[in-house]
Amino acid sequence: QDGVWEVGMQNELVIYPNPVDEVLNINISPFNGNCIIAIFNINGQLIYSETKYLFGETPIMVNNLNTGLYELRITNYGTGKQIVTTFVKN
C-alpha cells in the first residue's frame with residue numbers, strides 16, 4: 001500500500017527528547033532501511049533533508065535550528081511510504 005503509513009505505525013516511531021536542544025534521537029522499530037529524513041518549519045519550508053539508513057536509534061543534529069515547532073517526515077526510500085510527526089526546538 002502506498003502513501004502515508006497507517007496510524008498504527010505512529011506507535012512504532014519514538015523521537016526524543018521533545019522538546020530538543022541539540023540532538024533529536026529517532027527510533028523507528030521494527031522498520032529499518034534507507035529513509036529520507038526531512039524537517040519542515042511551521043511555514044512548510046523544507047529546512048533539512050538527508051538520506052540515512054535507519055536501524056535502531058538514529059541521532060539527528062538540530063542545534064542549528066531556530067526555536068520553534070517543526071514537522072519531521074520520514075519517507076521510506078524504496079516504498080515511498082511516509083510517517084509524519086512534530087517536535088519542538090528549544
Side-chain angles (χ1 to χ4, degrees):
Q1 177 180 348
D2 291 355
V4 175
W5 289 341
E6 298 173 12
V7 174
M9 286 297 296
Q10 291 285 357
N11 298 329
E12 305 295 337
L13 173 66
V14 176
I15 61 169
Y16 65 93
N18 190 10
V20 60
D21 291 314
E22 294 185 4
V23 180
L24 184 68
N25 294 294
I26 300 171
N27 193 330
I28 185 164
S29 177
F31 178 82
N32 57 57
N34 283 322
C35 291
I36 300 167
I37 299 170
I39 298 175
F40 295 82
N41 67 16
I42 198 161
N43 298 319
Q45 296 171 308
L46 176 66
I47 55 168
Y48 172 89
S49 181
E50 182 178 6
T51 300
K52 278 188 167 281
Y53 185 83
L54 296 186
F55 182 79
E57 185 174 294
T58 303
I60 302 295
M61 295 298 297
V62 295
N63 57 323
N64 61 335
L65 299 182
N66 293 327
T67 299
L69 179 66
Y70 292 89
E71 181 180 271
L72 172 69
R73 294 184 196 172
I74 301 173
T75 306
N76 181 298
Y77 195 76
T79 66
K81 292 185 180 181
Q82 187 176 84
I83 191 166
V84 179
T85 191
T86 58
F87 69 92
V88 175
K89 169 65 170 71
N90 281 335

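For clarity, every value in this text was computed on a predicted model and none was experimentally measured.
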- Task: Can you measure from CD (Glu22) to CG (Asn64) and round to the nearest 0.5 angstrom?
- Result: 11.0 Å
- Other residues, nucleotides, ligands: >12 heavy atoms within 6.0 Å of Asn66 CG: no
- Item | Distance in Å, Arg73 CZ paired with Leu46 CG, rounded so as to fall on 0.5 Å steps | 8.5 Å
- Look only at the side chain of Asn43 and the backbone of Gln45, and say whether a donor-acceptor pair between them is shorter than 3.5 Å. no
- dist Glu50:CD -> Ile36:CD1 (nearest 0.5 Å) comes out at 11.0 Å
- Message: With a 4.5 Å cut-off on side-chain heavy-atom distances among I, L, V, M, F, W and Y, is there a chain of contacts connecting Ile47 to Val62?
- Response: yes
- Kindly write out the residues that satisfy side-chain contact (heavy atoms from CB on, under 4.5 Å) with Glu57, not counting sequence neighbours, or none if the list is empty. Tyr16, Asn25, Asn27
- Note on the structure: When rounded to the nearest 0.5 Å, the distance separating CD1 of Ile74 from CD1 of Ile15 is 8.0 Å
- Just one of Leu24, Leu54, Thr51 clears the side-chain contact (heavy atoms from CB on, under 4.5 Å) bar with Ile37, so which one? Leu54
- Message: Are Met61 and Val23 packed together at the side-chain level, in the sense that at least one heavy-atom pair is separated by less than 4.5 angstrom?
- Response: yes
- Looking only at non-hydrogen atoms, find the nearest pair between Thr58 and Tyr53 and report the distance. OG1-O, 4.4 Å
- Taking a hydrophobic cluster as the set of Ile, Leu, Val, Met, Phe, Trp and Tyr residues connected by side-chain heavy atoms closer than 4.5 Å, whether directly or through intermediates, do Phe40 and Leu13 fall within one such cluster? no
- Note on the structure: For Tyr70, the ring-ring contact (aromatic ring centres under 6.0 Å, His included) test, sequence neighbours excluded, returns Phe87
- Item | Straight-line distance of Asn90 CG to Asn18 CG, nearest 0.5 Å | 9.0 Å
- Query: Going through the distances and angles, do Lys52 and Ile26 end up as a side-chain contact (heavy atoms from CB on, under 4.5 Å)?
  - Reply: CA-CA 11 Å; Lys52 278 188 167 281; Ile26 300 171; over 6 Å; no
- Item | Heavy-atom closest pair, residues Gln82 and Thr75 | NE2-OG1, 3.1 Å
- Hey, what do you get for OG1 (Thr67) to CG (Asp21), rounding to the nearest 0.5 Å? 9.0 Å
